[in-house]
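The structure under discussion appears below in the form of structure tokens.
Just so you know, residue 1 is the first one in the sequence shown, and it goes up from there.
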Amino acid sequence: MMGAEEHGYPSSEAQASGKLYIAGEYAVVESGHPAILVAVNRFVTVRVSPAASADGHGSIRSEGHPEADATWHRSPDGVCVVDEPRPGAAFILESIRAVDEVVRHAGIAVRVFDIAIVSELDDDSGRKYGLGSSAAVTVASVKALLGFYDLDLEPTMQYKLAFIASSRAQKVGSGGDIAASLFGGCIRFCAVDRAWVKQRLADTEVSALIAMPWPGLGTTRLRVFGDRSHGGPAGGAPAPSLLVGWTGRPASTEDLVTHVHRHNAEDHHERYQRFLDASDRCVDELATALTHVDMDGIRRHIGQARDLLAGLSSLTGTLIETPELTALIDIALEHDAAAKTSGAGGGDCGIAITNDALRAADIRREWAAQGIVPLELTVGQPLADTPEWHDASSLRKDDHVRLALRQHEHEGANAFDDLRFIHHALHGVSVSQVDTSVRVCGGEWMQPFYINAMTGGSARTGEINRALAHVAGETGVAMASGSQHAALRDPALTPTFTVIREQTTGFVFANIGPTVSPDQAVEAVRMLHADALQIHINLAQEIIMPEGDRDFSTWPDRIRAIAQAVDVPVVVKEVGFGMSRATVRELSALGITTVDVSGRGGTDFGVIENARRSQGDFSALGQWGQSTALCLLESLQGPDPVGIDVLASGGVRNPLDVVKALALGARAVGVSGHFLGVLDREGERGLAAEIGRWAAEIRSIMALLGARTVGELGDTDLFVDGLTARHADLLGVDVRSLAHRSENVKNVKNGENVKNGENNENVKKAAQE
């Protein structure tokens, strides 16, 4: 092995900052729940140099932390092996091993090197301030090692690599400290599903894993604490300053968080869920207050965050706010600042926020007088390419995804279970004879189902759109975008939607609501080079949504104007509350030729929006609307069927539900919640496999029913039971006749055969004459 002087590999150096939590520190441990963190201007610096030793060994040296010092070598197959066990070096060693996997995948030979570490995160005696030293050393090591091998990974992939290394070194928490150390500035962060990462590590190469979307993971930049490159707040209010005080009592974050979560899992699941929901609202309202320098709002929401932690402390018997931290907070409150603990509590640091420089000085002076150490910290600079939070609608999009995923954790019974095919043992056909293609909005689809509208408008949801569209392109199914209102309001959010067309050349629906102008509708179609446009109508959701619309009187005229303005087919769709036959007829009169009835049974936006309200005011509206099955029965199987194409979505859980909807006359079937859940749990590969399985099962079920085409499913026999049968009967649908449809078809065919036979006899007689 050559020494440093014998080859020309350059050294590489990287820094990573410490971190502090502002709010959401316990909730963020649960995947998809947000917290606000800042990076601080104290750093860990890691330098990687070619090994000085010529004996094939590298070294790890950490200034001031001899417990992390180690020597290491490579095994015959190139794996990094430490010469003697050194638990203090675990994060550095796992960083080496994680980067090694990426290096090998890139076709680069692994090397032996020396690593030198310098940390500013502790005091001179080695006492820890709780600034996230393990995360910072992992991030700095990963960055320095990538630089040493001249590998350029975009920041999110660097984050994932550091998270993998950290999780291998010890039981990792949310990973928020890693995100703050890497991305810098002030961030709103949501954690990945750690169980998903653990599972993927068992069956996926690291290079492939860091390129995948990670369920729940989201990091968004907040322009606060001096990060004002787009100008200051309205009215020229001074930017708030972050003050940090250290109590002198170090705390174990891992022990505190583990105790809280074990206690909640065993005894207080329902109350803990309420804590999570309240924390989410508090964090997002605080994000808005911070970005607008609304000091009254900052004080209010920081106070709410403190109260939530006090409730969690009482619930679990965990000391979060020590007497020293209470004294720190009380001093700040006396000077009209916002204040609370930071991180897991139990000691370590507290924070205060004020935009009054004189009061800030008084707070620091009085802290010092009480034995609290004021730390000279400022918020570190953010990475310029960190995805940026824009307004509350972006946060709302993330909320919708998180709450929708919660609803779909256990897909229960719904009205599709009231439908049952009658089995005819000799009606089957060959699977090879089955044609599942359908024609929708002028397009020829190979499959009668599609990925229906879900999301977009934030960094996290843009990544979901990218993954969904990539799978749609691979599997050849159509896809609908989520509402594009956010991008129409703020062009900076356009990439979270245009990524759909970048990933698929297949059939794509654009998506807007009836409140946009005709010109905006045209722009939404252009944005995606869309083949058709969905206009979503969501009156019930708007009523329950805290920031929702309250005037719906102009919707019919707006829908007509939009349909006339765009040059692609238009579909008007509900969002999960269903459409009555009267609604479908009204839309037909407006010039609409296709609707998606999107009934109750799947994602319930009434429940989602109510969960976002502080008091749950509209809980009585749970289960509002009609089921998808009932909508199809009323519109297509009643005495006076509507004369336009009907798509079905809402509560579709499996291929059999798709076939049932098609048998009731749906032109095609949209699926949202189930596919989102599969993507969240199993990634793109899992969703692609699921779509392939659905396509095969639909074909098989059609063969079982004797339907060679989707149209022939309308001749199959169905029992309709339960509440669906009773409601359909009240709406004038003869559900009994659905059980005899094949007999009617047989009679018609027999009649045609008799008529044809008579014609043939007449032809014969004429020929004889």
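Although no hydrogens or angles enter the test, the distance criterion places a donor-acceptor pair under 3.5 Å between the side chain of His485 and the main chain of Gly513. Looking only at distances, no side-chain donor or acceptor of Arg741 sits under 3.5 Å from a matching main-chain atom of Asp717. At least one donor-acceptor pair closer than 3.5 Å links the side chain of Arg600 to the backbone N or O of Gly625. With Thr288 contributing its side chain and Asp284 its backbone, the two residues share a donor-acceptor pair below 3.5 Å. Distance alone, capped at 3.5 Å, is enough to place a donor-acceptor pair between the Ser598 side chain and the Glu574 backbone. In this structure, Ser588 contributes its side chain and Val584 its backbone to no donor-acceptor pair below 3.5 Å. Distance alone, capped at 3.5 Å, places no donor-acceptor pair between the Ser31 side chain and the Leu217 backbone. Side-chain atoms of Gln534 do not come within 3.5 Å of backbone N or O of Val571 as any donor-acceptor pair.
Leu468 and Met454 make their closest contact through CD1-SD, 3.9 Å (heavy atoms, listed as atom of the first residue, atom of the second, distance). Summarising the geometry of Gln520 relative to Leu488, their closest heavy-atom pair is O-CD2, 3.8 Å, with the distance given to 0.1 Å. Nearest approach of Ile592 to Ala563, heavy atoms of both residues: CD1-CB, 3.9 Å. Scanning all heavy atoms of the two residues, the minimum distance from Ala703 to Val431 falls at CB-CG2, 3.7 Å.
Residue pairs meeting the salt bridge (Lys or Arg N to Asp or Glu O under 4.0 Å) criterion with at least one partner in residues 523-537, sequence neighbours excluded, are Arg501-Asp531, Glu523-Arg526. Note on residues 626-643: pairs passing side-chain hydrogen bond (donor to acceptor under 3.5 Å, both in side chains), not counting sequence neighbours, are Arg585-Asp640. Residue pairs meeting the ring-ring contact (aromatic ring centres under 6.0 Å, His included) criterion with at least one member in residues 689-717, sequence neighbours excluded: Phe449-Trp694, His674-Trp694, Phe675-Trp694. Every pair passing side-chain hydrogen bond (donor to acceptor under 3.5 Å, both in side chains) that includes a residue from residues 695-707 is listed here, sequence neighbours excluded: Arg693-Glu697.
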side-chain hydrogen bond (donor to acceptor under 3.5 Å, both in side chains) between Gln503 and Asn465, worked out
CA-CA 9 Å; Gln503 295 293 323; Asn465 271 343; over 6 Å; no

Give the C-alpha distance, both sets of side-chain angles, the deciding distance and a yes or no for side-chain contact (heavy atoms from CB on, under 4.5 Å) between Thr498 and Met527.
CA-CA 6 Å; Thr498 54; Met527 188 187 300; 3.6 Å; yes

Start with the C-alpha gap between Leu713 and Leu705, add the side-chain angles, then the distance that decides, and say whether side-chain contact (heavy atoms from CB on, under 4.5 Å) holds.
CA-CA 8 Å; Leu713 285 170; Leu705 293 168; 3.8 Å; yes

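Note that CE of Met446 and CZ of Phe507 are 15.5 Å apart. Values are rounded to the nearest 0.5 Å. Rounding to the nearest 0.5 angstrom, the gap separating the OG1 atom in Thr554 from the CD1 atom in Ile559 is 9.5 Å.
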Please set out all donor-acceptor pairs under 3.5 angstrom arising from side-chain atoms of residues 723-737, sequence neighbours excluded.
| unit_1 | atom_1 | unit_2 | atom_2 | d |
| --- | --- | --- | --- | --- |
| Thr724 | OG1 | Asp418 | OD2 | 2.7 |
| Asp734 | OD1 | Arg736 | N | 3.2 |
| Ser737 | OG | Asp734 | O | 2.7 |

Name every donor-acceptor pair, under 3.5 Å, that has one atom in a side chain of residues 469-476 and the other anywhere in the protein, sequence neighbours excluded.
| unit_1 | atom_1 | unit_2 | atom_2 | d |
| --- | --- | --- | --- | --- |
| His470 | ND1 | Glu684 | OE1 | 2.6 |
| Thr475 | OG1 | Val471 | O | 2.8 |

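In this structure the side chain of Ile562 reaches within 4.5 angstrom of the side chain of Val516, judged on heavy atoms. Looking at Leu664 and Leu419, their side chains come closer than 4.5 Å, going by heavy atoms from C-beta outward. A 4.5 Å side-chain heavy-atom check between Leu528 and Ser481 finds at least one atom pair inside the cut-off.
Among residues two or more places apart in sequence or in another chain, the side-chain hydrogen bond (donor to acceptor under 3.5 Å, both in side chains) test is passed with Ser580 by Thr583. For His424, the ring pair (Phe, Tyr, Trp, His ring centres under 6.0 Å) partners at least two apart in sequence or on another chain are His427. In this structure, the side-chain contact (heavy atoms from CB on, under 4.5 Å) partners of Ser430, at least two apart in sequence or on a different chain, are Ser432, Gln433. Partners of Tyr450 by ring pair (Phe, Tyr, Trp, His ring centres under 6.0 Å), not counting sequence neighbours, listed by chain and number: Trp445, Phe509. Applying the salt bridge (charged side-chain N to carboxylate O under 4.0 Å, His left out) rule to Arg420 yields no partners; only residues at least two apart in sequence or on another chain are considered. Remark: His529 pairs with no residue by the ring pair (Phe, Tyr, Trp, His ring centres under 6.0 Å) rule, at least two apart or across chains.
Using a 3.5 Å distance cut-off with no hydrogens or angles, the side chains of Asn414 and Asp657 do not pair a donor with an acceptor.
A salt bridge links Arg653 and Asp417; the closest N-O separation between the charged side-chain nitrogens and carboxylate oxygens is under 4.0 Å.
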